Peer 1: 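Pasting a structure here, questions to come.
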Amino acid sequence: FFSLSSLFLGVISDVSPPILMNNMSSSSRVQSPSAAVIEHHFVKNRQLYSYIEQYQWNKALARCYSHPWEAKHRNFKRGSTPLHLLCYLGSAPNYLLQRVVEAFPEATRIKTKNLLETPLHLKCKVSQQSEQGIRILLEACPEAASMLDSEGHTPLHVACFSNAMLSVLELLVHADPSTLLVHTNYGRTPLGLFWRGYVSSIPGHLEVAEILNGSGTFHLEGSFGRSWAKLVLLVTKGFQQTNISSEDGDIDSDLVFGLIHHPDRHNGQMLQVALKVKPRLAKKRNKNGDYPLHLVMRERLISNKESEVIKALLESFPDAAGTMDCMSRYPINTALSSGMSWDTGVRDLFLAAPDLLVERDSSTRLPPFMLASTIDSSSSLETTFQLLLQRPEAVRSFG
């Protein structure tokens with residue numbers, strides 16, 4: 001009994017020696033600790049946490065200097081430490097955050113009980129005005145940038161959805177660029193969460209609507225400019241993590257092809273906005289010499305608003321419709337082979353390059369109207385009819 005009691009007291013004293021030992025007589029140190037002593041220890045051990053809960057920053061700072069072991073306290077229900085609480089409270093001063101990290105740096109790795117959030121996850125939710133808190137946490141624990149919560153979010157995911165500052169995103173991306181490609185348990189990437197949060201806000205929704213409708217002007221130095229800078233960062237840095245990015249580090253190429261290849265279902269809308277801001281993106285070529293239009297036609301990577309994207313690409317650079325891709329095929333023939341209908345893109349491709357209706361496809365050796373008729377789809381008859389209607393002489397040319 002004596003040895004077991006001594007072992008228990010030793011563990012308690014390692015956590016908070018001044019508190020427990022100062023309140024126990026020399027004779028009591030060899031006895032089993034009473035409930036009152038244990039309760040007294042934990043009440044005292046919680047004082048730093050209480051000061052932070054009450055927003056008493058100066059008292060919390062003084063307490064952390066005089067009782068640094070209290071930074072190890074963990075809330076029984078949530079599993080949070082004083083550092084977690086500081087990061088959760090957006091008004092907490094960074095000087096106190098710095099001191100608590102110094103007192104117990106291991107707290108930067110601790111996750112809460114249910115949501116499995118690290119202090120960095122929590123700080124990313126309230127970093128709309130300053131990046132200093134994020135910097136402090138990353139310097140103490142760079143690997144925290146890679147940790148996942150219960151829903152598969154990295155801190156970067158949280159920062160993107162919480163409208164954190166651009167500098168915050170830059171710090172997190174620099175700490176671990178691979179997190180740009182991480183999917184949550186629900187299949188969301190940081191870019192997807194950023195765009196979802198942006199267009200769900202009233203200012204973001206209105207800005208995107210005005211840009212796409214051509215009814216307004218945008219300024220890259222204002223609210224839209226800040227969001228545009230985040231978009232460029234997330235797309236280009238993420239695309240550079242793949243093996244298909246541009247070899248010369250061309251930001252514009254990485255932006256347009258990164259958007260086309262990105263798996264988020266909103267990539268079409270993002271690409272439309274990008275083409276409004278930078279029409280020259282439609283003239284970029286990838287490693288194989290393909291224009292963005294070629295890639296959209298061949299790979300069918302735009303999961304939503306594909307026809308709008310085709311129009312935007314043709315408005316920005318109509319000559320791409322009359323240029324062969326790396327497989328020596330014109331965009332209209334590639335579109336017809338994939339089953340695209342007259343109304344969902346073929347009409348726009350025809351208007352951009354009408355003379356191609358009397359040209360044979362290099363792959364099938366069929367003219368467009370014959371190629372359309374070979375496709376087994378409900379729209380193939382209408383597409384074939386419309387192509388013949390535009391150029392009736394094509395029948396005689398290939399009869």
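Since the model is a prediction, treat every value here as computed from it, not as a measurement. Throughout, residue positions are numbered sequentially from 1 according to the sequence presented.
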Peer 1: Going by the angle between their ring planes, with limits at 30° and 60°, are Tyr291 and Phe317 parallel, tilted or perpendicular?
Peer 2: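 Tyr291 and Phe317: perpendicular rings.
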Peer 1: Do you know which two heavy atoms are closest between Leu234 and Pro190, and how far apart they sit?
Peer 2: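 Heavy atoms only, the tightest pair is CD1-O, 4.4 Å.
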Peer 1: Please answer: with hydrophobic residues joined when any side-chain heavy atoms are less than 4.5 Å apart, are Leu191 and Ile251 in the same cluster?
Peer 2: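 Cluster IDs for Leu191 and Ile251 match.
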Peer 1: Assess the residue pair Asp343 and Ser341 against the criterion (side chain to side chain donor-acceptor pair (under 3.5 Å)); give the C-alpha distance rounded to whole Å, side-chain angles, the decisive distance to 0.1 Å, and a yes or no.
Peer 2: CA-CA 6 Å; Asp343 292 328; Ser341 68; 5.6 Å; no
Peer 1: Considering residues at least two apart in sequence or located in another chain, which fulfil the side chain to side chain contact (heavy atoms under 4.5 Å, CB included) criterion with Thr118?
Peer 2: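 Here the qualifying residues are Lys111, Leu120, His121, Met147.
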Peer 1: What are the two closest non-hydrogen atoms of Thr108 and Pro105, and how far apart are they?
Peer 2: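 That closest heavy-atom pairing would be OG1-O, 2.7 Å.
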Peer 1: Using a strict 4.0 Å threshold on nitrogen-to-oxygen distance, state whether Lys276 and Glu210 make a salt bridge.
Peer 2: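 A salt bridge is absent here (no side-chain N lies under 4.0 Å from a carboxylate O).
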Peer 1: Do the charged groups of Glu306 and Arg300 touch, with an N to O distance under 4.0 Å?
Peer 2: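 Looking at Glu306 and Arg300, the cut-off is met.
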Peer 1: To check you understand the geometry: which heavy-atom pair defines the closest contact between His294 and Ala320, and what is its length?
Peer 2: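 Closest pair (atom of His294, atom of Ala320, distance): NE2-O, 3.7 Å.
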Peer 1: State whether Arg188 and Asp264 are salt-bridged, where the test is any N-O pair (Lys NZ or Arg NE/NH1/NH2 against Asp/Glu carboxylate O) under 4.0 Å.
Peer 2: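 Yes, charged N to carboxylate O under 4.0 Å.
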Peer 1: Is Leu172 close to Cys124 at the side-chain level, that is, under 4.5 Å between some pair of heavy atoms?
Peer 2: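 Yes, side chains in contact.
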Peer 1: Taking it one step at a time, do Asp325 and Arg298 satisfy side-chain contact (heavy atoms from CB on, under 4.5 Å)?
Peer 2: CA-CA 9 Å; Asp325 64 10; Arg298 188 171 66 246; 3.2 Å; yes
Peer 1: May I ask you to check whether over 12 heavy atoms, not counting those of Lys283, lie within 6.0 Å of atom NZ?
Peer 2: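 No, not enclosed.
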Peer 1: With rounding to the nearest 0.5 angstrom, report the NZ to CD1 distance, Lys123 to Ile136.
Peer 2: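 Here the rounded value is 8.0 Å.
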Peer 1: Give the minimum heavy-atom separation between Gln240 and Asp254, together with the two atoms involved.
Peer 2: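 Taking every non-hydrogen atom into account, NE2-OD2, 3.2 Å.
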Peer 1: Between the main-chain N or O of Leu97 and the side-chain N or O of Asn94, is there a donor-acceptor pair closer than 3.5 Å?
Peer 2: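 A pair under 3.5 Å: no.
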Peer 1: In this structure, are over 12 heavy atoms from other groups packed under 6.0 Å from Leu389 atom CG?
Peer 2: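 Counting neighbours around CG of Leu389, more than 12 heavy atoms of other residues, nucleotides or ligands fall under 6.0 Å, so yes.
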Peer 1: Going from CG on Leu86 to CD1 on Ile52, what distance comes out if it is rounded to the nearest 0.5 angstrom?
Peer 2: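 Interatomic distance, Leu86 CG to Ile52 CD1, rounded to 0.5 Å: 4.0 Å.
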Peer 1: Using modelled atom types and a 3.5 Å cut-off, is there a donor and acceptor pairing between side-chain atoms of Ser162 and backbone atoms of Ala159?
Peer 2: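 Here the side-chain-to-backbone pair does not exist.
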Peer 1: Can you name the nearest heavy-atom pair linking Ala145 to Leu138, along with the distance?
Peer 2: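 Minimum heavy-atom separation between Ala145 and Leu138: CB-CD2, 3.9 Å.
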Peer 1: Under 4.5 Å between side-chain heavy atoms, hopping through other hydrophobics if needed: is there a path connecting Val100 to Tyr51?
Peer 2: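 No, it is not one cluster - the side chains of Val100 and Tyr51 are not joined through contacts under 4.5 Å.
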Peer 1: Which value, rounded to the nearest 0.5 Å, describes the distance between Tyr330 atom OH and Glu359 atom CD?
Peer 2: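 One gets 5.5 Å once the value is rounded to the nearest 0.5 Å.
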Peer 1: Is Met370 reachable from Phe385 through a run of I, L, V, M, F, W or Y residues, each pair having side-chain heavy atoms under 4.5 Å apart?
Peer 2: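 No: no chain of side-chain contacts under 4.5 Å links Phe385 to Met370.
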Peer 1: Evaluate side chain to side chain donor-acceptor pair (under 3.5 Å) for Arg285 paired with Ser253, printing each intermediate quantity in order.
Peer 2: CA-CA 7 Å; Arg285 291 180 182 264; Ser253 291; over 6 Å; no
Peer 1: Could you label the plane-to-plane angle of the His157 and His153 rings as parallel, tilted or perpendicular, counting under 30° as parallel and over 60° as perpendicular?
Peer 2: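 Perpendicular, since the angle between the ring planes exceeds 60°.
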Peer 1: A side-chain contact here means heavy atoms from C-beta on lying under 4.5 Å apart; do Trp57 and Tyr95 qualify?
Peer 2: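 With C-beta onward as the side chain, the pair touches.
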Peer 1: Checking side-chain polar atoms at under 3.5 Å, does Lys230 have a donor or acceptor matched by the opposite partner on Asn163?
Peer 2: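 Looking only at side-chain atoms, Asn163 and Lys230 do form a donor-acceptor pair, the distance falling under 3.5 Å.
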Peer 1: My understanding is that only residues two or more places apart in sequence, or in another chain, count here; which of them pass side-chain hydrogen bond (donor to acceptor under 3.5 Å, both in side chains) with Ser380?
Peer 2: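 Ser380 satisfies side-chain hydrogen bond (donor to acceptor under 3.5 Å, both in side chains) with no residue once adjacent residues are dropped.
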Peer 1: Remaining members of Leu148's ILVMFWY cluster at a side-chain heavy-atom cut-off under 4.5 Å?
Peer 2: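 When side chains under 4.5 Å apart are linked, the cluster holding Leu148 also contains Val182.
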Peer 1: Taking C-beta and beyond as the side chain, do Leu169 and Cys160 meet within less than 4.5 Å on heavy atoms?
Peer 2: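 Sidechains of Cys160 and Leu169: in contact.
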Peer 1: Please examine the side chains of Lys59 and Arg63, heavy atoms only from C-beta on, and report whether any two atoms are closer than 4.5 Å.
Peer 2: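 The answer is no, as the side chains (C-beta and beyond) never meet within the 4.5 Å cut-off.
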Peer 1: Would you compute the distance between atom OG1 of Thr334 and atom CE of Met297 and round it to the nearest 0.5 angstrom?
Peer 2: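 The OG1 atom of Thr334 sits 8.5 Å away from the CE atom of Met297.
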Peer 1: How far apart are the C-alpha atoms of Tyr198 and Phe161, what are their side-chain angles, what is the distance that settles it, and do they pass the side-chain contact (heavy atoms from CB on, under 4.5 Å) test?
Peer 2: CA-CA 8 Å; Tyr198 173 58; Phe161 188 69; over 6 Å; no
Peer 1: Quick check on side chain to side chain donor-acceptor pair (under 3.5 Å): which of Asp252, Asp250, Asp290 does Lys284 satisfy it with?
Peer 2: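 Looking at Asp252, Asp250, Asp290, the match for Lys284 under the side chain to side chain donor-acceptor pair (under 3.5 Å) is Asp250.
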Peer 1: More than 12 heavy atoms of other residues, nucleotides or ligands under 6.0 Å from NE2 of His183: yes or no?
Peer 2: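 It does: His183 NE2 has more than 12 such atoms within range.
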Peer 1: With heavy-atom distances below 4.5 Å as the criterion, would you say the side chains of Trp195 and Gln269 are in contact?
Peer 2: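 Of all side-chain heavy-atom pairs linking Gln269 with Trp195, at least one is under 4.5 Å.
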Peer 1: Under 4.5 Å between any side-chain heavy atoms of Ser80 and Tyr88, yes or no?
Peer 2: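 The answer is no, as the side chains (C-beta and beyond) never meet within the 4.5 Å cut-off.
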Peer 1: Main chain of His174, side chain of Lys237: is a donor-acceptor contact present, judged purely on distance under 3.5 Å?
Peer 2: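 Answer holds: no.
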Peer 1: Supply the atom-to-atom distance Leu166 CG to Leu231 CG, rounded to the nearest 0.5 angstrom.
Peer 2: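 Here the rounded value is 11.5 Å.
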Peer 1: Would you call Arg109 and Glu106 a salt bridge, using N to O less than 4.0 angstrom?
Peer 2: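 No salt bridge links Arg109 with Glu106.
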Peer 1: Would Lys311 and Glu308 count as a salt bridge (charged side-chain N to carboxylate O under 4.0 Å, His left out) if you check the C-alpha gap in whole Å, the side-chain angles of each, and the deciding distance to 0.1 Å?
Peer 2: CA-CA 5 Å; Lys311 288 180 180 180; Glu308 289 90 337; over 6 Å; no
Peer 1: Minimum heavy-atom separation for Ile110 to Gly79, with atom names?
Peer 2: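 Scanning both residues completely, I find the closest heavy atoms to be CG2-O, 4.2 Å.
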Peer 1: Do Thr344 side-chain atoms and Ser307 backbone N/O form a donor-acceptor pair below 3.5 Å?
Peer 2: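 Such a contact is absent between Thr344 side chain and Ser307 backbone.
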Peer 1: Are Leu83 and Val126 connected in a single hydrophobic cluster, I mean Ile/Leu/Val/Met/Phe/Trp/Tyr linked by side-chain heavy atoms less than 4.5 Å apart?
Peer 2: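 No: no chain of side-chain contacts under 4.5 Å links Val126 to Leu83.
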Peer 1: Just checking, is any N or O donor in the side chain of Ser223 or Glu207 under 3.5 Å from an acceptor N or O on the other one?
Peer 2: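 Yes, because at least one side-chain N or O of Ser223 sits under 3.5 Å from a partner of the opposite role on Glu207.
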Peer 1: Can a donor-acceptor pair be found, under 3.5 Å and without considering hydrogens, that links the side chain of Glu70 to the backbone of Leu48?
Peer 2: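 Such a contact is found between Glu70 side chain and Leu48 backbone.
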Peer 1: I'd like to know if Arg365 pairs up with Asp361 as an ion pair, taking the criterion as any Lys NZ or Arg NE/NH1/NH2 lying under 4.0 Å from an Asp or Glu carboxylate oxygen.
Peer 2: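 Here Arg365 does not pair with Asp361 in a salt bridge, since their nearest N and O are not under 4.0 Å apart.
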Peer 1: Using 0.5 Å steps for rounding, measure from the OH atom of Tyr49 to the NE2 atom of His84.
Peer 2: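 Output value for this atom pair is 9.0 Å.
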Peer 1: Given the rule that I, L, V, M, F, W and Y join up when any side-chain heavy atoms are under 4.5 Å apart, are Met327 and Leu356 in one cluster?
Peer 2: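 Hydrophobic grouping puts Met327 apart from Leu356.
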Peer 1: Spell out, as yes or no, whether a donor-acceptor pair under 3.5 Å connects the side chain of Asn267 to the backbone of His262.
Peer 2: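 Side chain of Asn267 to backbone of His262: a pair is present.
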Peer 1: Distance alone, cut at 3.5 Å: any donor-acceptor contact between the side chains of Arg280 and Ser316?
Peer 2: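 Looking only at side-chain atoms, Ser316 and Arg280 do not form any donor-acceptor pair under 3.5 Å.
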Peer 1: Mark yes or no: Arg391 above the aromatic ring of Phe369, with NZ or CZ under 6.0 Å from the six-membered ring centre and no more than 45 degrees from the axis.
Peer 2: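 Geometry flag: not set, cation outside 6.0 Å or 45°.
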Peer 1: Are the side chain of Thr323 and the backbone of Asp319 linked by a donor-acceptor contact shorter than 3.5 Å?
Peer 2: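 Yes, the answer is positive, given that a donor and an acceptor are paired below the 3.5 Å cut-off.
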Peer 1: Flag the pair Asn333 / Pro368 as yes when at least one side-chain heavy-atom distance between them is below 4.5 Å, and no otherwise.
Peer 2: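 Side-chain contact under 4.5 Å: yes.
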Peer 1: Quick one: does any side-chain atom of Thr383 pair with a main-chain N or O of Trp342 as donor and acceptor, under 3.5 Å?
Peer 2: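 Yes, the answer is positive, given that a donor and an acceptor are paired below the 3.5 Å cut-off.
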Peer 1: Does the side chain of Arg78 come within less than 4.5 Å of Asn114's, by heavy atoms?
Peer 2: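 Heavy-atom side-chain distance check fails, nothing below 4.5 Å.
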Peer 1: Run the ring-centre check on Phe239 versus Phe257 and record whether the distance is less than 6.0 Å.
Peer 2: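 No, too far apart.
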